[in-house]
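These notes concern the structure reproduced below.
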Amino acid sequence: MESRRVLAAETPSHAGGAVRLMGWVSRIRVLGGIVFLELRDRSGSVQVVVRRGAPCFDLARRLSRDYVVAVEGEVRREERAPGGVEVVASRVSVLNEAEKPLPLDYSKSGNPLNLRLDWRFLDLRSPRSQAVMRALAEAAHAVREYFRSQGFLEIFTPKIIGQASEGGADVFPLVYFGREAFLAQSPQLYKQLMMATGVERVYEIGVAFRAEEHRGPRHLCEFRSIDYEVSFVKDHLEVARYSVEVVRRAVEAVTRALGGFGEMFGEPPVVPADPPVLNVEEACRLIGRPGCSMTAEEEELLGEAVRREYGSDLVVVTEYPWSDRPFYTMRLPEDLSKTRSFDIILRGLEVASGSQREHRYDVLVAQLKEKGLDPSSFKFYLDHFKYGMPPHGGAGIGLERLVKQILGLRNIREAVLAPRDPERLTP
Ligand code: ATP
């Protein structure tokens, strides 16, 4: 008997030989003198049969779903079995039992999301949820590879910070050895700090915290943000190209890893290398709402219109009004009411937001004041711009948002291991 463990997916290559498998019982049927087990491990599943007369028959009959077992047996070709082989067991041992009934029947679709999240470890046993976790990992991996290939340095910025980076109210405060501190909403300051060092290109996939009372399907209080910043850019369009490429690479990687999308998720999005670019005015006209402000509903309409008109699921929207963007955004020299900014809308939802940054010290101070912020409380930030800051720009792309849109998930909570929202702090 071979003692090395064989994975379910490897069994066909052991046809005629002996194997030892370990995993979970994902199905059990007792038909007359035969017990059919479906054994699942990280690679997939395989059929195991235990015949009356085998020493382990009585034990096998008493197994139930989600028991953890080890099986030894012989691999036989069997046309009717999934994968074309089955394992005829000579030995079955129970590594651990599972209580009955399971609090969540994860083999069924249509379980309420809250129940799934309450029993997340069980929910994550389902092939669909495992595919979502895989998609997150593959997307993150592809993004890292892309940035590395473009000469970006990966950075690791602090998540406990002394001051809210954008002067916003959406920060979680915490007590830091008796002092007030905050959880970082974004690595904005640190990305820009790195531009002042001469590294020129940086990226991070890090956690971002937002104390926003959103309860809808698009927001989390803790999400992973893919951030990058790049020096010597001509304008926001050049910055946006990296975001488009990030989305393209993520779509490709997820599609490849999931072996097409099959019945689980429907079709992957269509993302051309050269997607449509519209400024806010053009985008509003396209959806027949001149003067609109690209609300979530308008983004949805735009998604549909762009698909219709350009055959693309991605659109770059540019030149958002100065009133809607943070103080560090560069404005259009010819029209100060607009900015050198962009959002990437994928399937009707914003997945990325970026801009060329204002790098001129005096203009930056004036812009802070215009936003009603006090430059003296931004001294730490402004100092970076006094001693040789190159022109630069960057963006933030929500990893869970991106995966939600790639897979066409209804709720962003499905695209994160353990969501944090205003109600949920466990598991
Ligand atoms: P929104 O308008 O959707 O609230 P935002 O304009 O606040 O987003 P930014 O601060 O520009 O978003 O963040 C950049 C990207 O980070 C967004 O495009 C999105 O993908 C992601 N993101 C922002 N906030 C959240 C959140 N609360 N939960 C999940 N992802 C988020």
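One-based numbering, in listed order, for ligands and for the atoms of each.
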For Tyr381 and Phe327, I'd like to know if the aromatic rings sit close, meaning centre-to-centre distance below 6.0 Å.
yes
Could an N or O of ligand 1 be found under 3.5 Å from any N or O of Phe223, whether backbone or side chain?
no
Measure Ile412 to ligand 1 on non-hydrogen atoms and call it side chain, backbone, both or neither using the 4.0 Å cut-off.
side chain
Whether Glu400 lies under 4.0 Å from ligand 1, heavy atom:
no
Assess the pair Tyr228 and Phe147: is the distance between their ring centroids shorter than 6.0 Å?
yes
Compute the centroid of each ring, for Tyr146 and then for Phe152, and state whether the two points are separated by less than 6.0 Å.
no
Pick from Arg224, Glu212, Glu350: the one approaching atom 12 (O) of ligand 1 most closely through a non-hydrogen atom:
Glu350
For the 3.5 Å polar cut-off, considering only N or O atoms, please tell me whether Leu220 and ligand 1 meet it.
yes
With only distance considered, is Ser353 within less than 3.5 Å of ligand 1 through an N or O on each side?
yes
Under 4.0 Å from ligand 1, counting heavy atoms only, is it the side chain of Ala352, its backbone, both or neither?
backbone
Identify the residue among Glu400, Arg401, Glu213, Arg413 that makes a side chain to side chain donor-acceptor pair (under 3.5 Å) with His219.
Arg401
Looking at Arg215 and Glu423, is there a salt bridge between them, counting it only when a charged N and a carboxylate O are closer than 4.0 Å?
yes
Assess, by modelled atom type and distance only, whether the side chains of Gln192 and His384 contain a donor and an acceptor separated by less than 3.5 Å.
no
Tell me the nearest of His214, Gln185, Arg210, Gln405 to atom 10 (O) of ligand 1, using heavy-atom distances.
Arg210
